[in-house]
S.K.: 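What follows is a single structure, and I will ask about it in a moment.
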Amino acid sequence: MLPSTFASKYLKVSRRMLSLLDHCHHMRQIKQIQSHLTVSGTLLDPYVSGKIISFCATSHLDDALSHGYSLFLRLQNRTTFIWNTMIRGLAENNQSFKAITIYKSMLDTYFPPNNYTFSFVLRACANLPDLFIGLQCHGQVIKYGWESYDFVLNGLVHLYATCNCMDSAKRLFDMSDVNRDVITWTSLISGYVKSRQVAIAQQLFDQMPEKNVVSWSAMINGYVQIGMFEEALELFNGMQTCGVQPNQAGIIGALTACAFLGALDQGRWIHAYIERNKIELDRVLGTALIDMYAKCGCIETAISVFDNMSNRDVFAFTSLISGLANHGQSGSAIELFVRMQNEGVAPNEVTFICILSACSRMGLVEKGLRIFKSMSEMHGIEPGMQHYGCLVDLLGRAGLLEEAKKVVREMPMEPDSYVLGALLNACRVHGNVELGKETVESLVERSLDHGGVHVLLSNMYASANQWDGVVKVRKGMGDKNVRKIPGCSLIEVDGMVCEFVCGDRSQPHLLMEETESWLIGIDKHLKSLSLDDDMTIKRGSLLSCY
DNA sequence: CAGTGACCGC
């Protein structure tokens with residue numbers, strides 16, 4: 001035993017040590033403090049070790065969490081606070097399963113869990129998500145009497161909503177009419193939207209006694225996730241009419257909706273709003289803006305937003321690469337791909353999809369093949385279905401049909417409709433009727449055929465003057481009752497969203513003749529430039545406005 | 001002698 005003067009001296013020292021934690025910017029400093037505490041013996045005090053673990057669990061310094069975890073394992077005296085903090089740290093850092101394992105050993109050592117324990121454990125269950133473990137935790141929640149505590153209740157509703165168990169979520173919600181708050185409502189609503197029960201979500205949203213910016217954003221993004229973009233934009237406007245200033249999540253949802261609708265005016269307005277309100281243009285928001293401008297046809301503005309971003313990550317680069325490739329600027333897309341790696345940003349699997357399709361459009365077979373190889377050899381990314389689709393497209397467009405066929409035969413997974421579709425398209429462009437027929441057959445075998453596939457084959461027979469083939473395909477289509485779903489496209493004109501539907505003559509419009517003559521003119525012009533066959537416009541496209 | 005939650009990009 002230390003004499004009491006020593007003890008109080010060491011306590012003072014350790015308190016000073018702990019206050020230094022807030023100023024640490026490197027793990028080395030944490031370890032220094034910890035070794036002082038170890039030498040003085042004060043680390044044995046669970047309050048002191050708890051402070052260290054709490055710092056490690058919530059810090060974003062490299063290896064902080066694993067350092068905290070190894071200290072946790074060595075501790076003789078743990079408190080509920082220490083257990084909770086460890087569970088929280090693991091759950092917040094993508095190690096939810098480990099978090100639950102720690103919770104189990106907490107119960108095994110007879111430590112009573114409290115309200116904090118359950119809010120962290122339920123979060124871990126929702127992160128996985130694992131309904132089976134979640135149900136067991138719910139049992140524990142009831143056993144220890146925390147079911148109506150607001151944080152725990154909301155954790156449960158969130159868990160069930162995440163696991164698509166809307167009946168359970170709703171039952172809890174109904175049971176707790178005194179304890180529920182705006183967060184309970186928001187969790188429930190976003191659960192209904194994610195399970196595509198939009199009508200119920202909308203109804204609850206209207207009934208909510210108080211809405212805040214998060215509730216509005218949840219509903220906006222819910223609409224975006226299920227593809228109801230116009231509703232999302234209406235809500236975005238409605239929220240401001242109600243005097244709620246949109247936050248980053250709401251703005252991102254609205255920008256995504258603009259990108260899909262081609263609603264450039266709205267998108268520009270949101271961009272101006274961001275600048276007017278000095279909302280920080282971070283990587284997420286910057287990427288959403290780049291994407292919106294690129295998809296609305298303003299590639300120059302997309303580039304300037306990109307240039308003005310201070311720290312660009314893989315998503316920002318990928319978004320612009322994709323935009324450039326889609327605007328026929330494949331050369332610039334490839335340059336940007338090189339620049340990205342020179343700046344030390346590692347491409348991800350989506351980047352490779354964009355860059356491979358850029359190569360494919362430029363006819364850069366050698367380069368595309370090299371990049372495809374580099375995926376696994378240099379970047380540790382195993383090519384997936386879509387990458388094989390790009391590869392088949394790359395070879396097929398260049399007329400290397402045998403090589404493309406070989407890729408389909410030897411790829412490590414069963415080809416999907418896009419991979420076979422790329423092969424079929426190559427057969428069409430290069431007039432290989434025989435391989436085209438084989439490809440359609442393998443599509444049919446896998447039940448991946450749709451009307452368009454058969455129409456394409458029939459057109460191929462027609463181009464090759466094989467009229468018996470045409471008749472056979474058409475008859476087969478009639479027997480199977482296949483119909484091609486018409487293509488459609490959206491564009492904003494003078495603030496109004498217009499929908500173009502291929503071949504739709506049900507809603508004749510005054511501008512139709514004028515539009516059609518323009519289309520034919522563009523078509524002729526493109527043909528005179530002898531551009532890629534894909535660029536020609538299908539005659540008979542029709543405009544219907546609403 | 002402590003501390004927690006709902007919405008968000010390729």
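Chain letters run A, B, ... following the sequence lines, proteins first and then strands; every chain starts at 1.
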S.K.: Does A/R171 come within less than 4.0 Å of A/D167, counting only side-chain N to carboxylate O?
M.R.: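 No, this pair does not count.
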
S.K.: Mind calculating the distance between CG (A/L204) and P (B/dA6) to the nearest angstrom?
M.R.: 19 Å

S.K.: With the side chain of A/N221 defined as its heavy atoms from C-beta on, choose the nearest nucleotide among B/dG9, B/dT4, B/dA2.
M.R.: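 Selected nucleotide (nearest to the side chain): B/dG9.
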
S.K.: Does the A/Q29 side chain pair with the main chain of A/H25, one donor and one acceptor, at a distance under 3.5 Å?
M.R.: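 Yes, because the side chain of A/Q29 sits within donor-acceptor range (under 3.5 Å) of the backbone of A/H25.
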
S.K.: Using a 4.0 Å heavy-atom cut-off, does A/A249 contact any base of the nucleic acid, only the sugar-phosphate backbone, or nothing at all?
M.R.: base

S.K.: Less than 4.5 Å apart, side chain to side chain, heavy atoms only: is that true for A/D130 and A/F97?
M.R.: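 In short, these two side chains do not touch, never coming nearer than 4.5 Å.
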
S.K.: Is a donor-acceptor contact shorter than 3.5 angstrom present between the side chain of A/N212 and the base of B/dA6?
M.R.: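 For A/N212, whose side chain was compared with the base of B/dA6, there is a donor-acceptor pair (under 3.5 Å).
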
S.K.: Please classify the nucleic acid contact of A/S187 as base, sugar-phosphate, or nothing, using heavy-atom distances under 4.0 Å.
M.R.: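 Since only primed, P, OP1 and OP2 atoms lie under 4.0 Å of A/S187, the category is sugar-phosphate.
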
S.K.: Picking from B/dC10, B/dC7, B/dA6, which would you name as closest to the side chain of A/F315?
M.R.: B/dC10

S.K.: Let's see if you get this right: which residues in residues 132-152 of chain A place a heavy atom under 4.0 Å from DNA chain B?
M.R.: A/Y149, A/D150, A/F151

S.K.: Less than 6.0 angstrom from the centroid, inside 45 degrees of the normal: does A/R88 satisfy that with respect to the ring of A/Y116?
M.R.: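 A/R88 over A/Y116 ring: no.
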
S.K.: Given atom CE of A/M208 and atom P of B/dC7, what is their separation to the nearest angstrom?
M.R.: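 In whole Å, B/dC7 P lies 13 Å from A/M208 CE.
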
S.K.: Does A/Y144 have any ring pair (Phe, Tyr, Trp, His ring centres under 6.0 Å) partners at least two apart in sequence or in another chain, and if so, which?
M.R.: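 If we apply the ring pair (Phe, Tyr, Trp, His ring centres under 6.0 Å) test to A/Y144, skipping adjacent residues, there are no hits.
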
S.K.: Roughly how many Å is it from CZ in A/F229 to P in B/dG9, rounded to a whole number?
M.R.: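 Rounded to the whole Å, the gap is 11 Å.
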
S.K.: Where the side chain of A/V350 is defined as all heavy atoms beyond and including C-beta, which of B/dC10, B/dG3, B/dG9 is the nearest nucleotide?
M.R.: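 The listed nucleotide nearest to A/V350's side chain is B/dC10.
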
S.K.: Check the geometry between A/F81 and B/dG3 and answer yes if their rings are stacked (centres below 5.5 Å, planes below 30°), otherwise no.
M.R.: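 A stacking contact does not exist, since A/F81 is not both close and nearly parallel to the base ring of B/dG3.
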
S.K.: Counting only side-chain heavy atoms from C-beta out, which of B/dA2, B/dC7, B/dG9 sits nearest to A/H158?
M.R.: B/dC7

S.K.: Which one, B/dG9, B/dC8, B/dG3, comes nearest to the side chain of A/Q248?
M.R.: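 The nucleotide sitting nearest to the side chain is B/dC8.
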
S.K.: Which of these nucleotides, B/dG3, B/dA6, B/dC7, is closest to any side-chain atom of A/I183?
M.R.: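 Nearest to the side-chain atoms of A/I183, counting from C-beta on, is B/dA6.
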
S.K.: Which nucleotide sits closest to the side chain of A/V284: B/dC1, B/dC7, B/dG9?
M.R.: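 Of the options given, the side chain of A/V284 lies nearest B/dG9.
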
S.K.: Strictly under 6.0 Å, is that where the ring centroids of A/F205 and A/W216 end up?
M.R.: yes

S.K.: A/E280 CD to B/dG9 C1': how many Å, rounded?
M.R.: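 Taking atom C1' of B/dG9 as the reference, CD of A/E280 is at 15 Å.
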
S.K.: For the side chain of A/N247, counting heavy atoms from C-beta on, which of B/dC7, B/dC10, B/dG3 is nearest?
M.R.: B/dC7

S.K.: Among B/dC7, B/dA2, B/dG3, which nucleotide has an atom closest to any side-chain atom of A/S217?
M.R.: B/dC7

S.K.: So what does A/Q225 hit on the nucleic acid, given a heavy-atom distance under 4.0 Å: a base, only sugar-phosphate, or nothing?
M.R.: sugar-phosphate

S.K.: Over all strands shown, is A/D45 touching base, sugar-phosphate only, or nothing at heavy-atom distances under 4.0 angstrom?
M.R.: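 Nothing, no heavy atom under 4.0 Å.
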
S.K.: For A/F205 and B/dA6, what is the distance between atoms CZ and C1' respectively, to the nearest whole Å?
M.R.: 13 Å

S.K.: Under a 3.5 Å distance rule, please check whether A/D282 uses its side chain to pair with a backbone N or O of A/L285 as donor and acceptor.
M.R.: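 A pair under 3.5 Å: yes.
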
S.K.: Once you round it to whole Å, what is the distance between P of B/dC8 and CD1 of A/I226?
M.R.: 13 Å

S.K.: Taking atom C1' of B/dC7 as reference, at what distance in whole Å does atom CG of A/L285 sit?
M.R.: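 From A/L285 CG to B/dC7 C1': 15 Å.
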
S.K.: Do A/F337 and A/F317 have ring centroids that are under 6.0 Å from one another?
M.R.: no

S.K.: Please work out which of the three classes, parallel, tilted or perpendicular, describes the rings of A/H387 and A/F352, given edges at 30° and 60°.
M.R.: perpendicular

S.K.: Without decimals, in angstroms, what is the distance between A/E349 CD and B/dG9 C1'?
M.R.: 14 Å

S.K.: From C-beta outward on A/D313, which listed nucleotide comes closest to its side chain: B/dC1, B/dG9, B/dA6?
M.R.: B/dG9

